[in-house]
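So the structure is just underneath, and the comments pick up after that.
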Amino acid sequence: MFSQTNMPQSVSTLFSAYASFAGSMMLIRSMANELIPYELRSYLSTAIHYLFTPLSLNTTLVIDEHCGMSRNQVYDAAEIYLKTKISPSTERLRIGKTSRQKNFSVAIEKGEVVADVYENIKLKWAYVCTEPQKTIHSGEKRRFELSFNKKYREKIMDRYLPHVLKRAKELKDEEKVVKLYNRECPFNNEDGGDHGGMWGSINLEHPSTFDTLALDPELKKMIVDDLKRFLGRKEFYKKVGKAWKRGYLLSGPPGTGKSSLIAAMANYLKFDIYDLELTSIYSNSDLRRVLLSTTNRSILVIEDIDCSVEMRDRQQGGDQYGGSPSSRLTLSGLLNFIDGLWSSCGDERIIVFTTNHKDRLDSALLRPGRMDVHINMSYCKPQAFSTLASNYLDIRDKNHDLYEEIEGLMEITHVTPAEVAEELMASENADVALEGLVNFLKRKHSEANQVKSEENDKVEGGEAKKLRSDDDEGRTFF
Ligand SMILES: Nc1ncnc2c1ncn2[C@@H]1O[C@H](COP(=O)(O)OP(=O)(O)OP(=O)(O)O)[C@@H](O)[C@H]1O
Ligand SMILES: [Mg+2]
């Protein structure tokens with residue numbers, strides 16, 4: 001009986017005690033909110049959180065894709081290295097293959113985690129991507145997060161990361177995939193500014209090599225030797241205090257193989273190509289950003305420089321080229337700019353300018369010491385033809401009846417390797433293809449003769465007219 005009457009009473013006491021406690025807490029909280037400044041409150045809550053959360057045993061290294069404006073070497077190395085660490089437990093993979101690739105290319109997909117073990121230390125690599133924010137004109141942000149037990153931090157920094165860099169370099173050399181970088185389509189905003197436009201890459205699938213390139217053999221040997229010497233002179237460049245770079249100026253009519261030579265150089269050196277369109281550069285800072293985001297062991301290509309320099313005349317304001325005369329872009333100015341930049345952060349760089357009109361170039365660019373090597377790509381001559389005949393029709397050692405006639409015609413006709421290549425591709429039958437080439441050369445030759453005789457006629461006609469008008473003037477004068 002006692003217990004029956006006492007029970008509800010104790011419950012109600014409990015409730016009323018809780019109610020008054022909750023009421024006081026709310027009062028204290030609202031007083032605290034009013035009396036304690038926000039900063040102190042947030043500090044206290046962090047401190048309380050820290051005290052009551054068990055300490056993490058892990059360290060995480062965040063490896064962003066870019067270091068400021070340059071690419072992060074550790075990120076690039078990790079990307080290659082981790083391909084070898086994909087295990088059957090990896091859930092999502094990115095797969096690709098182009099028509100020329102023999103094997104599938106495999107990469108880890110965003111959000112995936114890959115495990116690695118180094119000297120019995122367990123490591124976890126996570127690939128994290130954050131979507132671009134709509135309000136800010138920027139691309140996707142990519143990074144790797146490497147986590148491990150914090151007691152191994154020194155070992156990871158001193159030994160594991162260098163191991164990843166070294167392994168990635170070995171893999172890259174083995175893989176031998178040369179990349180062609182173009183600037184990704186930039187984001188344009190209302191003021192027409194360029195806020196994205198970093199480099200996007202595809203595998204360079206240009207099959208041109210020094211074997212397939214139709215070029216005077218001596219010139220070819222000179223270029224290959226020059227490249228070899230350049231690669232071996234790291235210490236020399238350091239000693240003389242120059243950026244380890246080499247500049248080539250390729251000139252010649254369209255279709256003489258300037259772009260093919262660049263591809264052959266890239267395939268030979270296993271260097272990536274960065275194809276820079278100067279007309280898409282609007283400011284010094286843009287140019288600096290774009291150049292800094294190119295990697296070492298690469299070829300920077302600026303094609304058709306006689307057309308690119310037209311941008312000098314653009315009227316833009318601020319630090320933009322063309323604004324005031326002092327800030328106008330000249331190619332030798334650009335070279336100075338690149339020299340300055342690469343002497344501090346560039347190694348094994350090649351820069352190639354191409355032009356169809358060497359005569360139109362600024363003489364400052366042609367001065368000795370500006371571009372190291374000038375290469376004139378000219379019309380197809382018999383020796384270059386031998387390479388094409390062997391490439392396209394498997395004809396070796398001048399082993400064809402029409403060979404002599406073709407060589408003779410080539411000595412007297414301006415024909416580009418591209419034109420010859422097109423004729424040779426017309427048929428798989430060597431007789432038919434070479435017959436076609438002979439006709440083509442004859443046609444070109446007679447057309448050139450006709451143009452020449454018309455020009456002569458014009459000159460002679462002009463002179464006759466001039467003589468007559470001199471006569472007239474003389475007569476009027478007297
Ligand atoms: N020297 C060459 N050796 C072998 N093939 C060549 C050569 N020159 C041209 N060709 C052939 O002609 C095509 C066009 O040549 P390429 O694009 O290299 O010429 P280019 O000099 O860069 O011309 P442009 O001045 O128009 O850029 C090549 O894809 C190749 O098939
Ligand atoms: Mg070209």
Side-chain angles (χ1 to χ4, degrees), residues 213-219 248-261 279 302-313 331 353-367 371 373-389 392 402-426 433-478:
L213 200 64
L215 208 61
D216 174 53
E218 271 181 31
L219 180 58
Y248 292 84
L249 173 65
L250 313 185
S251 57
T256 48
K258 296 178 295 300
S259 303
S260 307
L261 172 59
T279 41
I302 305 178
E303 293 250 34
D304 299 323
I305 43 172
D306 44 304
C307 309
S308 302
V309 238
E310 291 291 319
M311 63 180 296
R312 265 192 292 179
D313 301 327
L331 285 163
F353 285 166
T354 74
T355 177
N356 294 144
H357 304 279
K358 197 173 172 184
D359 49 313
R360 289 192 200 160
L361 298 183
D362 192 344
S363 59
L365 185 76
L366 301 173
R367 271 206 308 262
M371 294 308 272
V373 187
H374 292 206
I375 298 169
N376 189 26
M377 308 288 287
S378 67
Y379 294 105
C380 193
K381 290 282 165 256
Q383 280 188 311
F385 172 65
S386 301
T387 312
L388 292 175
Y392 286 80
L402 291 173
Y403 219 95
E404 225 168 278
E405 188 176 4
I406 291 172
E407 284 192 338
L409 281 164
M410 276 185 177
E411 293 285 8
I412 52 169
T413 316
H414 278 174
V415 59
T416 64
E419 287 169 322
V420 175
E422 202 175 305
E423 289 300 320
L424 297 186
M425 279 206 304
L434 292 185
E435 190 74 48
L437 179 61
V438 169
N439 291 337
F440 175 78
L441 288 169
K442 282 182 178 163
R443 212 167 47 241
K444 270 218 111 176
H445 184 58
S446 74
E447 275 168 15
N449 277 345
Q450 202 176 334
V451 171
K452 220 185 272 172
S453 74
E454 276 171 16
E455 272 171 7
N456 281 344
D457 285 352
K458 249 190 232 163
V459 172
E460 277 167 17
E463 273 174 2
K465 227 184 197 171
K466 194 167 172 284
L467 275 178
R468 267 204 308 279
S469 78
D470 284 353
D471 232 18
D472 286 348
E473 276 171 18
R475 255 185 279 161
T476 326
F477 186 75
F478 287 106

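Atoms considered below: every heavy atom in the structure, side chains included; atoms not considered: hydrogens, waters and symmetry mates.
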*Side-chain touch Val438/Ile406, heavy atoms, less than 4.5 angstrom*: yes
*For the pair Glu447 and Lys452, evaluate salt bridge (charged side-chain N to carboxylate O under 4.0 Å, His left out) and give the outcome as yes or no after the intermediate values.*
CA-CA 9 Å; Glu447 275 168 15; Lys452 220 185 272 172; over 6 Å; no
_Nearest heavy-atom neighbours spanning Leu424 and Ala433_ = O-CB, 3.9 Å
*Within the distance-only criterion (no hydrogens, no angle test), does the side chain of Thr354 pair as donor or acceptor with the backbone N or O of Asp304 below 3.5 angstrom?*
yes
_Pair Ser251-His374, side-chain contact (heavy atoms from CB on, under 4.5 Å): steps then yes or no_ = CA-CA 8 Å; Ser251 57; His374 292 206; over 6 Å; no
*Looking only at atom types and distance, does a side-chain atom of Asn356 sit under 3.5 Å from a main-chain N or O of Gly252, one as donor and one as acceptor?*
yes
*How many angstroms lie between atom OH of Tyr248 and atom CD1 of Ile375, to the nearest 0.5 angstrom?*
6.5 Å
_For the OG1 atom of Thr256 and the NE2 atom of His414, what is their distance to the nearest 0.5 Å?_
12.0 Å
_Measuring from atom CG of Leu219 to atom OG of Ser378, what distance do you get when rounded to the nearest 0.5 angstrom?_
8.5 Å
*Does any non-hydrogen side-chain atom of Glu423 lie less than 4.5 Å from one of Val415?*
no
*Does the side chain of Leu388 reach to within under 4.5 Å of the side chain of Pro417, using non-hydrogen atoms?*
yes
*Supply the atom-to-atom distance Asp362 CG to Ile305 CD1, rounded to the nearest 0.5 angstrom.*
9.5 Å
*Roughly how far apart are Glu435 CD and Glu405 CD, rounded to 0.5 Å?*
8.0 Å
*Trace of the side-chain contact (heavy atoms from CB on, under 4.5 Å) decision for Val420 with Met410*: CA-CA 10 Å; Val420 175; Met410 276 185 177; 3.8 Å; yes
*Ile412 vs His445, side-chain contact (heavy atoms from CB on, under 4.5 Å): CA-CA, chis, key distance, verdict*: CA-CA 7 Å; Ile412 52 169; His445 184 58; 3.5 Å; yes
*Of all heavy-atom pairs between Leu409 and Thr413, which one has the smallest distance, and what is that distance?*
O-OG1, 2.7 Å
*Asp216 versus Gln383, closest heavy-atom pair with distance*: OD1-OE1, 3.3 Å
*Go through the structure and list residues passing salt bridge (charged side-chain N to carboxylate O under 4.0 Å, His left out) with Lys444, not counting sequence neighbours.*
Glu419
*Any sub-3.5 Å donor-acceptor pair from Lys258's side-chain atoms to Phe353's backbone N or O?*
no
*asked:* Which residues pass the salt bridge (charged side-chain N to carboxylate O under 4.0 Å, His left out) test with Glu407, not counting sequence neighbours?
replied: Lys398
*About how many Å separate CG of Leu365 and CG of Leu249, when rounded to the nearest 0.5 Å?*
6.0 Å
*Between Gly257 and Met377, what is the shortest heavy-atom contact and its length?*
O-CE, 3.4 Å
*Short side-chain donor-acceptor distance under 3.5 Å, Tyr403 and Ser386*: yes
*For residues Leu213 and Ser260, report the shortest heavy-atom separation together with the two atoms involved.*
CD1-CB, 3.7 Å
*For atom CD of Glu454, is the number of surrounding heavy atoms from other residues, nucleotides or ligands below 6.0 Å larger than 12?*
yes
